[in-house]
Amino acid sequence: MTSMRKAVAAAAGMTLLFGALTACSSERAGEESGGGETGTDTPLIGIAMPTRSLERWNNDGAHLEELLGGAGYETTLQYADNKVDQQITQLQNMINQGADVLVIASIDGTALGPVLDAAAKEEIPVIAYDRLINDSEHVDYYATFDNEKVGTLQGEFIAEQLGLAGGAGPFNLEPFAGSPDDNNARFFFKGAWDVLSPYVEKGQLVVPSGKAPATVDDWTTIGIQGWESAKAQSEMENRLNSFYTDKKVDVVLSPNDSLALGIEQALEGGGYTPGDAWPLVTGQDADEANVKNMLAGKQAMTVWKDTRTLGDQVATMVQQIIDGEEVEVNDTTTYDNGVKVVPSYLLDPQVVTPDNVQSSLVDSGFYTAEKLGL
Ligand code: BGC
């Protein structure tokens, strides 16, 4: 606990207890959500999530809140509508409230330097959640799924399904990448492009729109700002209208499910119908709408990151920090944030196709069969 919070807790333990409790509760009454007790020695964990507009972040936040609340911590969970300034204000408020640990899924991984300086002044440890925070020394740990592997799994799936190693092709490919301000997006693209670009060079994959980055470092040229479905949809519509009047798309590299959803809508609008001529579309997250689309033949795969395991790992990290124990990590080389290599815990993502929706997503309890209409 920070010294300031300790002082507050000590005061609360004396005759001021009742008043302190009342003050704390009303102070926190305006928050989006909070659990646990207030005004006691209970550690406060600030959880900052990027947006409610994507299913996964709602699940992530709810799960973390439940785990940390269950472990006896007080939590404050805030969503920032994908607005960087809003996230910074929320973090500053958490610091002012005397948070003991901050768990942050950033919107723009390069924009949090000053607010993390403020956290460091109060000696508040920071865990980067899912997305690395760049250009700051005040990032203590990072917990995520192996982001490059997500892309590798997408690229390998495409190569395997199309028989590229056996020389098949040419196939028409349209590649997409994630939000340029999200540090993960480059890793996703790199993983996939390292597998696919040799086939582009050999001519087995052709990109009629010309939107094939010359190198991995040019990935932002095809990035979709804010990971927005609507933006991916209009980009796909433009490509279809401009470059596919006399040909068909065979495969779309989509880095995640929110983009895939927009792309699938554009394909439907462009006259494609599920069946053999529907392009192979990739994804990530196993969002409910996309799993339903997989079952309806509109998406070939998704890379599932069981966010419950990420939450479990982060809750363990929080516990280890609060207890003053060594924090468990399994990667100390990959995630250089520009100032330091952030000690990380990487989890394993896995491929889900229509064939294993039941065995992976339903049997594990991630979704009920009813929810997916099974
Ligand atoms: C996450 C993905 C998610 C994307 C859009 C990425 O940082 O790792 O799981 O699909 O953001 O929210």
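Counting starts at 1 for both ligands and their atoms, following the listed order. Hydrogens, waters and symmetry mates are skipped; everything else that's a heavy atom, side chains included, is used.
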If we set the cut-off at 4.0 Å for heavy atoms, which region of [X] has an atom near ligand 1: side chain, backbone, both, or neither?
X	answer
Asp130	side chain
Trp57	side chain
Phe187	neither

So with a 6.0 Å cut-off around CG of Asp246, is the heavy-atom count from everything else above 12?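 Yes, because the 6.0 Å sphere around CG of Asp246 holds more than 12 heavy atoms from other groups.
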For the rings on Tyr345 and Tyr335, is their centre-to-centre separation under 6.0 Å?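 No, the ring of Tyr345 stays outside the 6.0 Å limit from the ring of Tyr335, centre to centre.
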Under 6.0 Å between ring centres, would you say that holds for Phe366 and Trp304?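 Distance test on ring centres: under 6.0 Å, yes.
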[X]: numbered ligand 1 atoms lying under 4.0 Å from its heavy atoms:
X	answer
Phe188	8 (O)
Asn256	3 (C), 4 (C), 5 (C), 10 (O)
Asp182	6 (C), 7 (O), 11 (O)
Lys305	1 (C), 2 (C), 8 (O), 9 (O)
Leu54	5 (C), 12 (O)

How far is [atom] from its nearest protein heavy atom, and which residue and atom is that?
atom	result
atom 3 (C) of ligand 1	Asp285 OD2, 3.5 Å
atom 4 (C) of ligand 1	Trp227 CE2, 3.6 Å
atom 11 (O) of ligand 1	Arg131 NH2, 2.8 Å

Any side-chain heavy atom of Thr353 within less than 4.5 Å of one from Met294?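 Sidechains of Met294 and Thr353: no contact.
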Within the structure provided, determine whether Glu174 and Pro208 are in side-chain contact (heavy-atom separation under 4.5 Å).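 Yes, side chains in contact.
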When the ring planes of Trp278 and Tyr272 are compared, do they come out parallel, tilted or perpendicular, using 30° and 60° as the limits?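 Geometry flag for Tyr272 against Trp278: perpendicular rings.
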Quick one: does Thr368's side chain have a donor or acceptor within less than 3.5 Å of a partner on Lys371's backbone?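 Looks like yes, one N/O pair under 3.5 Å.
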Stacked cation flag Arg239 on Phe176, 6.0 angstrom / 45 deg: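 The answer is yes, since Arg239 meets both limits relative to Phe176.
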